[in-house]
Structures are given as C-alpha cells and as structure tokens.
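Every number for a ligand or one of its atoms is a count from 1 in the order of the listing. Along the sequence shown, the residues carry numbers beginning at 1.
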Amino acid sequence: MLDRRRFLGASATGLAATLAFRPSLFAQLAKAPASLPELSLYDKNEDAYWAEMRKQFLIPEEEVYLNNGTVGSSPAPVLRAIFEGYNTTERLDQQDPEDYPIWGYAAWNEFRDPLAEFVGCKRDEIALLRNATEANSYIANGIDMKAGDEVVMTDQEHPGGEGPWELRAKRYGIVVKKVPLPKPVRDPNQVLNLFSDAITPRTRVMFFSHITTYSGVVLPVKELSALARSKSILSAVDGAHVPGMMRFNLHELGCDMYSSSPHKWLQAPKGSGFLYVRDEVIDRVWNTIATEGWDEPKIRAERFQRIGSSNVPALWGLRASIKLANDIGMDRIERRHRQLCDYILAEMIKRGAESWTSPDPAMRCAIATVNVPPIDRINLENSLWKQHKIRIRGGNPSKLRLSTPYYLSKKDIDRFLEKFDGYKREKRLS
Ligand SMILES: Cc1ncc(COP(=O)(O)O)c(C=O)c1O
C-alpha cells in the first residue's frame, strides 16, 4: 500500500502537496492548546514559553514566516473569538428588533473601549475602521486645505499613506513635499532637522510613519508632533506597524491623528483598523464616507466609523487580539521582538549585508532591513519559499525586510540564515 509520504512524492510535489493535505481549520484549532502557557514558564525559560505560544498559531511548524510586516497570522484565541462572533450574531435573534449584526452605524463601545485603553486614548477619540489605508484616506481628505498648501512627509511612506495625499494633490492642487530619510537613520535629530527645514508658511500637515514600511525605522513621533504643534501644523501619524509590536500611548505621543492596521503585529483579523483623532482636532476633520451621523459633532470620533454595514465578528477577533497581547504582556512581547530582530540583524551584518536598520536601539524594534547586492531579492524570495518554506519580503533590487514576530524561534532564524548562505554558495556569491 502506498503510504502518505510516497503518495505525495508520486502524485504531487512541494507546496501543492502540502496544501492538499492541510488539516481543516477546525481540526487545527482543536489541536491548539486550550490555554496560553503559564507566565511562570516565561520566568524559568523564555524560549520554552515562546515555543509553547507558537502552538497557538496555524502557520505550519516547518514554515518560517519572516513577513509579519505585511500581515500577521491570527492565532487560535483570535480565531475562536471570530467564530463565536459569527455564532452569536448570525442567529439574528437579538433582543432588540432594531439591533443588527453590522457595525458602521453605531458606537460599538464594547470594542472601542478595550482598544482605546490599549492605545492610550479616550473612547470618543477612536473610530473602528478596516485598515490604515482607509484611516489615512480619512485624514488626507478630511482636513481643509487650499491649492498650494503643503503636506510634508518622508520618502519612506507606504502607498496607503502617501497615495491619499498624492491623489488630493493631483485633483485639488495641494503640494506634497518629501524629505529623504538617510539609510539608515542614525539619530532622531536627523529626522527633526529634515522636517524643520522643510516647513514653510504654507505647511499645514506633517505626515509620517511611526515605523516605516521601507526600513522599519521607529521615528521620533513625540518630538515631531511637538515640532508640528509649535508651528500650528497638524501632525498625522501612520502607525500601521505599531500596535502589538511595541508599547505606545497616543496621549503621550501627542500627535493629532493616528492610523493603524492591527492585523499586522497585533495578529488581529484582517480588516480591523482604526483612526485616532485627538479630541481638540475632531471638529476640524470632515467625513470622507457619509451616512447617518456624518454631521453629528456630538458623537465625536464615532462619526468616522459610520461607514455602512461592516463585519462585526472581525471586531470580536480584534478584542481577543488585544486580550491576548495583554495576557502575554506587551513588555514581554516587545522584549522578544527586539531580541529576535537584533539577532537576525547582527547575523546579516556578519554576512556582509549593508544595514539600513537604525543602529540606535530606540529607533528599531521588530523589522530589520538590509541591502544585499548583487542578490536579486525576488529570486531569493521565491527560492526560499519554494524550496524551504521560508517566507521573506523586501524591495527591488536587493533589499530584504526581515520581520521578527514573537512566535518565531531562534532556530527558525538560524534555518533562514543557513538557507541564505546556501543560496549565496549556489549562485557563487560568496
Ligand atoms: C506604514 C504602512 N502604512 C500603511 C500600510 C497599509 O496597510 P493596510 O493595507 O492594512 O491598509 C502598510 C502596509 O504594509 C504600512 O507598512
């Protein structure tokens, strides 16, 4: 009789075969431990604790996922919450006949409250949206600006951050000015000086990523926001990467607006984003999407989450992802992120990579970016995935962006390093 392995060899290969024999989602969830590892295990042996935590994730054991920067993976507690959300809401047996399982028309404070607490703001300053792109579009379209008025941003913004401003520039004649960040940024003052020099009497907004998609640099949000405030300029921050990657507090940062995508580092369901607008600024921001409530200032930032029917179970998942991060502890998560990132970065530098990651530990966290010419990153990316189930991402021609979420192990990183070395040997690049 043909056993499973020989059958795979005979009928299909590699990825296709793996996909064909993937157990059902519910079977995988049933296999995941019902509770999180005890924190006493963390105190005894951090690696053992994280190895236990890894069992909460559906990513196959043999896969090394170094691209959490694009999108995270919702673990068992989050997935269970989403299904519970469906199970509860799809019965359509709500007590109040006016109550429907949709968000987009109401406050949904049971989800806004834990989020507001997690990010350090008031419930009334936060709107549940679907991603950072949507929130950034709200910001860029919502502020009164005349033709010739300027927004200053970095040259490392994501298309979902700079695009909304560029659209407005093309359509209505505002001016987008980009300051070129050094690669790497070595010191917060470099960034402050670049922005300070770019400001003119026409500058209305400073827009910048808290952590850039391009190099993973953590920008000095507090200082940049203070600079903006001192010149009566609005500060708008793209924080797509931040919740779940490192600790932060919106009121302490002091920015006027903040967008995010918790489906990255908080491992929340895809399509759960938010927009923060500081209370004093809310009345200056117009709605982009308009339905019932768009012109009701008293509902504060809830006005911006009136986006029409949307998916409530995603919010159950978002709430569970916040609970998970709190249960583990953001200090532990951030520490793990930093340890893994520092490790991969040091190893890549040993291998001759040019680091585009800040040498200042306060300006990096869980994304290491290196330039490795003459390696063609797409070729490397495809080869690592197809041959070794290692998933990376980067930018052409030779930039690698290596994300180090807490659920990776040092062994995973070593496997990437070994295969990276092997690729270089095979291509006669070392
Ligand atoms: C800094 C930054 N902003 C915005 C986005 C867009 O995120 P989303 O697709 O979730 O809107 C990304 C995605 O990688 C990003 O890195």
Q.
Does this structure show an ion pair linking D421 with R351, if we count only N-O contacts that are shorter than 4.0 Å?
A.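 Salt bridge between D421 and R351, a charged N being under 4.0 Å from a carboxylate O: yes.
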Q. Looking at W165, is R168 sitting on its ring face, NZ or CZ under 6.0 Å from the six-membered ring centre and within 45 degrees of the normal?
A.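 Judged by the rule, R168 and W165 form no cation-pi pair.
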Q | Which atom of K146 lies closest to which atom of I174, heavy atoms considered | A |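 The answer is O-CG2, 3.8 Å.
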Q) Relative to ligand 1, is K264 under 4.0 angstrom through side chain, backbone, both or neither, heavy atoms considered? A)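 Looking at K264 and ligand 1, just side chain atoms fall under 4.0 Å.
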Q. So is there a nitrogen or oxygen of T70 less than 3.5 Å from a nitrogen or oxygen in ligand 1?
A.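 No, no N or O pair falls under 3.5 Å.
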Q. Any side-chain donor-acceptor pair under 3.5 Å between D414 and Y343?
A.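 Y343 and D414 do have a side-chain donor-acceptor pair below 3.5 Å.
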(Q) Is there a polar contact between ligand 1 and R401, counting only N or O atoms under 3.5 Å apart? (A)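 N/O-N/O distance under 3.5 Å: no.
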Q.
Below 4.0 Å, non-hydrogen atoms only: which portion of T133 touches ligand 1? Side chain, backbone, both or neither.
A.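 Both of them.
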Q: Heavy atoms only: give me the nearest K177-T200 pair and the separation to one decimal.
A: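 Minimum heavy-atom separation between K177 and T200: NZ-CG2, 3.3 Å.
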Q. So which heavy atom in the protein is nearest atom 4 (C) of ligand 1, and how far is it from that ligand atom?
A.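 The closest heavy atom on the protein side is D238 OD2, 3.4 Å.
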Q. Should T213 be counted as touching ligand 1, given the test is an N or O pair under 3.5 Å?
A.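 In this structure, T213 places an N or O atom under 3.5 Å from an N or O of ligand 1.
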Q | Which residue and heavy atom of the protein sit nearest atom 7 (O) of ligand 1, plus the separation | A |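 Result: S261 OG, 3.6 Å.
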Q. With a 4.0 Å cut-off on heavy atoms, does S209 reach ligand 1?
A.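 The answer is yes: ligand 1 sits under 4.0 Å from a heavy atom of S209.
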Q) Once the angle between the rings of Y214 and W356 is folded into 0 to 90°, is it parallel (under 30°), tilted (30 to 60°) or perpendicular (over 60°)? A)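 Rings of Y214 and W356: parallel, as their planes differ by under 30°.
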Q | Region of E157 that comes within reach of ligand 1 [heavy atoms, distance under 4.0 Å] | A |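 The answer is neither; E157 stays 4.0 Å or more away.
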Q | Pairs meeting criterion side-chain hydrogen bond (donor to acceptor under 3.5 Å, both in side chains) with involvement of residues 236-251, two or more places apart | A |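 Pairs touching residues 236-251 that pass the test: E125-H251, N136-D238, H241-W265, R247-E334.
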Q. Which residue owns the protein heavy atom closest to atom 12 (C) of ligand 1, what's the atom, and how far is it?
A.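 Looking at atom 12 (C) of ligand 1, the protein heavy atom closest to it is H158 CD2, 3.2 Å.
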(Q) Any salt bridge linking R300 with E302? Criterion: basic side-chain nitrogen under 4.0 Å from a carboxylate oxygen. (A)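 Between E302 and R300 there is no salt bridge, as every charged N stays at least 4.0 Å from the carboxylate O atoms.
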Q. Has H263 got any heavy atom lying under 4.0 angstrom from an atom of ligand 1?
A.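 A heavy atom of H263 does come that close to ligand 1.
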Q. Would you say H241 has any N or O atom under 3.5 Å from an N or O of ligand 1, going by distance alone?
A.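 N/O-N/O distance under 3.5 Å: yes.
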